[in-house]
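Quick notes on the structure that follows.
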Amino acid sequence: MPATVEQEKDLIARILAGEVNLFHELVRPYEKLVYVTIFTMLRNETEAEDGAQEVMINAFRHLKNFRGDAKFSTWLVTIAMNEARQRLRRARTAPHESLDEDMEGKEGDFTPAVLTDWREIPSEVLEKKEMREKLRAAVAQLPPIYREVLVLRDLEELNQEETAAALGINVTLVKVRLHRARMMLQKLLAPYLRPPAPAKKGFFGRIVP
Amino acid sequence: MKLECKNVWEHISEYLDHQLDAELLKEIENHLENCEVCSAILDSTRNILVLTADDRTYELPLGYSERLHKRLEQALREIDGSPGKPA
């Protein structure tokens, strides 16, 4: 269970004063958060685990730079996102996978997919393992600048300000990128969100009233 | 002003994040009541977000935590017990 802000502050002060072994206790509530952040960006378990270890070591090294004005978890996520970005750059093979790619000015297609015969997604569809796999694959397809905003806002559920701080961009850009990321996801996943075909069909697929 | 579908789509994200001002929110809700296409887009997007948030339940690799703390243990010793100072 995550410690309270006060308990964390106290822990950090004690670690900085020399009780370094308390660092284990400080980061334990967030080890999953750090792993999932990097994994969602990289889709590679080995890289995510290795990256998470680096993040925690870096956090220890730079602990005295942590300022209490941000949450400790947000600070950790910032380090995790930087680690993920570095690893993405290293792993990058396709030139269009550029992190610095400036799509903001482009007339990209960020309109959603229209679902004409759609009513409501049955919960059993959402619970299906395959749907989860589809979602992960779709998230992995997003260009990194959109993926990182989506991960922080909709997966980690950081607020706009925290997301902006973690990514070093302004709040307006967070909003723009998040909207585009969500619309891209909706478009990628729309084909799987259609309800099953109506049971009663006449010849040539005519729906029997 | 009568909203077109395209105008509604532009605000779906803000709608889901409850960031619309009262006037625009009312117009969008009016539109949604009468437009199946836009309500479908809205609901599908909302469901995708629910699914995304659920993905935090992702299972960690077996032994992840043990390996992490073992590595930390080693690093804590190497960094000479003084966080913030280079090793």
Would you give the length of the straight line joining atom [atom1] of [X] to atom [atom2] of [Y], rounded to the nearest 0.5 angstrom?
X: A/F23; Y: B/H69; atom1: CZ; atom2: NE2; answer: 9.5 Å
X: A/I57; Y: B/I79; atom1: CD1; atom2: CD1; answer: 6.5 Å
X: B/T45; Y: A/K187; atom1: OG1; atom2: NZ; answer: 11.5 Å
X: A/H179; Y: B/W9; atom1: NE2; atom2: CH2; answer: 10.5 Å
X: B/L49; Y: A/L185; atom1: CG; atom2: CG; answer: 8.0 Å
X: B/T52; Y: A/L135; atom1: OG1; atom2: CG; answer: 4.5 Å

side-chain hydrogen bond (donor to acceptor under 3.5 Å, both in side chains) against [X], all qualifying residues, sequence neighbours excluded:
X: A/E45; result: B/Y58
X: A/R87; result: A/E47, A/D50, A/E83
X: A/E19; result: A/R14

Exercise for the section: Write out, in numerical order, the residues from residues 156-164 of chain A with a heavy atom short of 4.5 Å from a heavy atom in chain B. Expected result: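 So far as heavy atoms go, A/E156, A/E157, A/Q160 are the residues that approach chain B to under 4.5 Å.
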Handout entry: Portion of A/D154 that has a non-hydrogen atom of chain B nearer than 4.5 angstrom
Key =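 Both parts, backbone and side chain.
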Problem - Proximity breakdown for A/V27 and chain B, heavy-atom pairs closer than 4.5 Å - result: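 Side chain only.
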Problem - Contacting region of B/Q19 [heavy-atom separation from chain A under 4.5 Å] - result: side chain
Practice task
Return yes if a side-chain donor-acceptor contact under 3.5 Å exists between A/E31 and B/S65, otherwise no.
Solution key: yes
Pairwise side-chain contact, [X] with [Y], heavy-atom cut-off 4.5 Å (strictly under):
X: A/R132; Y: B/L51; value: yes
X: B/L68; Y: A/E49; value: no
X: B/I12; Y: A/R182; value: no

Practice task
Check the surroundings of atom CD in B/E4: do more than 12 heavy atoms from other residues, nucleotides or ligands lie under 6.0 Å from it?
Solution key: no
Problem - NZ/NE/NH1/NH2 to OD/OE distance under 4.0 Å, B/D17 and A/R153 - result: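 Judged by the 4.0 Å cut-off on N to carboxylate O distance, B/D17 and A/R153 do form a salt bridge.
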Exercise for the section: Indicate yes or no: does A/E54 engage B/R71 in a salt bridge with an N to O separation below 4.0 Å. Expected result: yes
Exercise for the section: Identify which of A/K32, A/M183, A/K175, A/M56 forms the greatest number of heavy-atom pairs closer than 4.5 Å to chain B. Expected result: A/K32
